[in-house]
Amino acid sequence: MQSFNELKKNLKKDYSGFKKIKIALLADSASQLLTNAIRGFGYTCQLDFDIYEADYNQIDLQVFDPSSELYAFNPDFVIINRCPEKLLKEYCKKERHEQSHFAAYNQHTTRRYYDTITSKLAGGANSKAKVIINTYPELNDGVFGNFAAKTASSFVFQLRKTNMHLMELSQECKDLFVCDLAGIQSDLGRSFVFDPKMYVNADMVYSLSFLPYIAKHITDIILSITGSFKKCLIMDLDNTTWGGIIGDDGMEGIQVGYFGMGKAFTELQMWAKQLKQRGIILCVCSKNTEEIAQEPFKNHPDMVLRLDDIAVFVANWETKVDNIRHIQSILNIGFDSMVFIDDNPFEREIVKSGIPDICVPELPEDPAEYLQYLRSLNLFETASFTEEDEQRTRQYQEEAQRNMLLQSFDNEHDFLGNLGMTSDVKAFDEFTIPRVAQLTQRSNQFNLRTVRYTEDEVKLISGNPDYYTISLTLEDKFGSHGLIGIIILHKRDAQTLFIDSWIMSCRVLKRGMESFTMNIIVELAKAHGFTQVVGEYLPTKKNGIVKDHYHQLGFTEKDGLWITDVAQYENKSNFITNKNKSWTQTQ
Amino acid sequence: MDANAIMKLVNEIFIDVLDNDDIVLSRETSAKDIEEWDSLNHIQLIVAIEKKFKQRFTTAEINGWKNVGEMCDAIEKKLKG
């Protein structure tokens, strides 16, 4: 972790060309240095945080006064930072009988903050502010001793309950995110986090060494909300996934299980397996003979990871840079969303210099320290979690099988015809809305206008008669891709149907899905008497692959918009069948 | 560590924390002589000095220093134990 002083020095550097994000910071303690730390940390992630720092201890004033600087600033993110020292002060003011209800009172306050901020900063469809509130780092006031945990009116009890309430509140409030300072403090220790001298002399409740950690976690949360997060963990095998060298030591000789060093590797595997279950794609990249490398995954009784946990398994004698590029081409995700772990500093260096965007943690020398170190990096921050995330590894395995089939055909036509592709075409419904919102949040590449919607906003759109919505799945003989395409159409006038959003998963490129979807759109336009369909491409750093999308589909350009005449449109050929026979009738 | 060595290290800390290579401290230098030496930076200076010399100072000690000279004397005294 960089020191506070290093972050402070970043403030003088050149932020031009970095993505600008507006943040309002409201704190109940002195926050100048925290502001510096956050802005300085942004530099390390190429983010230009434009921060409005409210005056000292003005949270209520800023939130409840409609004409406050907070609302004039119109931030993308509102960070409310509250400290346990102030909480204790509030608690001490209460009568004994009120102290038992202190957490409920706090929850009420937080709820009011959230409701007020989100209603006042509703903005346009894609500029709804997100609120980030911290859990309170634990402060033991030493009044009841351990008995505090058994005493509902104690400060310790009420603080923990307040934190629990915040976590629960964030379940209901989609735009409320929690910065878990309590959790971070439990890793680093109270004496690391809090410097009593700084508190007494300057009302600063965080030590200088802790500030970079808060800045990092806030930045991690913001990055994940804005669509930048890790999706894949690539693991080396020998001395990373198990102890020893499978080629030399054989399956009986490697260390895994609960004897000696084996525990370090087993628990690392358990961690990886948990990540997989929450949607992180696991891959293997190892210098080994494939058959030998796979044997423990098939037959070792103590292995936690099995072959079906691994989406892409690459074991050969090519360079790791080439192999990781191969993995990337199968998964079709950015290098900046991949993490590669390898015990060998030499291999790490080669991968880092060959693929600068990939994240390569500097594993400690002792395998006993791997897991604790990896956990501390907070590599896998996320802003959402859906059931579909759990299915991801299977989908990528199927994709690897498809790639092999593709190689066995002479031309792509025959291959596509042989896949037996079907698509379920529907308007958005209560089951698909969470996934739809997630796609608008996460898709950066195949995304024509990159409009982000929350679940609530998608709900509003799907109930609005001026909009038509289409969700599309794709299945083939190898399995299901799930929901991979969404279209939001806006009725501009009686003649014009505007494509507000066209988003597809990059997993299904080159399948004819674009043509199939276009046919569906025009069919819908025709059924409702529109004469033209209008599309728009808004370029971002990441959506270059759809630059020529409308051109390729035969739209004509006019004043920056792309137009298709419904009457002239001829259906485009493709190999996909609409599974939903009642689609046209339900429109 | 003698007084000169301490002064040299303290000077380095000032340059690093205040991010100003031109700072040359003397025993008489005080906060009014250096533009960046405000109350917020003062805290950071103290934290850096405590870390560097592996000593802790009480709030009363810190508030008692009138200038860099007194600060260095305090460090020297602590180091001698």
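Atoms considered below: every heavy atom in the structure, side chains included; atoms not considered: hydrogens, waters and symmetry mates. Chain A is the first sequence line, chain B the second, and so forth, proteins listed ahead of strands; every chain is numbered from 1. All figures in this text were calculated on a predicted structure; none of them were measured in a lab.
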A.B. asks: For the pair K12(A) and D19(B), find out whether any cationic side-chain nitrogen is under 4.0 Å from an anionic carboxylate oxygen.
C.D. replies: yes
A.B. asks: Quick check on K13(A): does its NZ atom have over 12 non-hydrogen neighbours (other residues, nucleotides or ligands) under 6.0 Å away?
C.D. replies: yes
A.B. asks: For atom CD of E35(B), decide whether the heavy atoms of other residues, nucleotides or ligands shown that lie under 6.0 angstrom number more than 12.
C.D. replies: no
A.B. asks: With a 4.5 Å limit on heavy-atom distance, are the side chains of N41(B) and K8(A) in contact?
C.D. replies: yes
A.B. asks: Is there any residue in residues 195-216 of chain A with a non-hydrogen atom under 4.5 Å from a non-hydrogen atom of chain B, and which ones are they?
C.D. replies: D195(A), K197(A), M198(A), N201(A), A202(A), M204(A), L208(A)
A.B. asks: Mark yes when over 12 heavy atoms from residues, nucleotides or ligands other than N63(B) sit less than 6.0 Å from its CG; otherwise mark no.
C.D. replies: yes
A.B. asks: Measuring heavy-atom distances to chain A, does V17(B) have an atom under 4.5 Å in its side chain, in its backbone, in both, or in neither?
C.D. replies: both
A.B. asks: According to side-chain contact (heavy atoms from CB on, under 4.5 Å), who are the partners of K20(A), at least two apart in sequence or on a separate chain?
C.D. replies: D48(A), D50(A)
A.B. asks: Kindly check if the number of other-residue, nucleotide or ligand heavy atoms within 6.0 Å of NZ (K78(B)) is above 12?
C.D. replies: yes
A.B. asks: Nearest 0.5 angstrom please: Q44(B) CD to S3(A) OG, how far?
C.D. replies: 10.0 Å
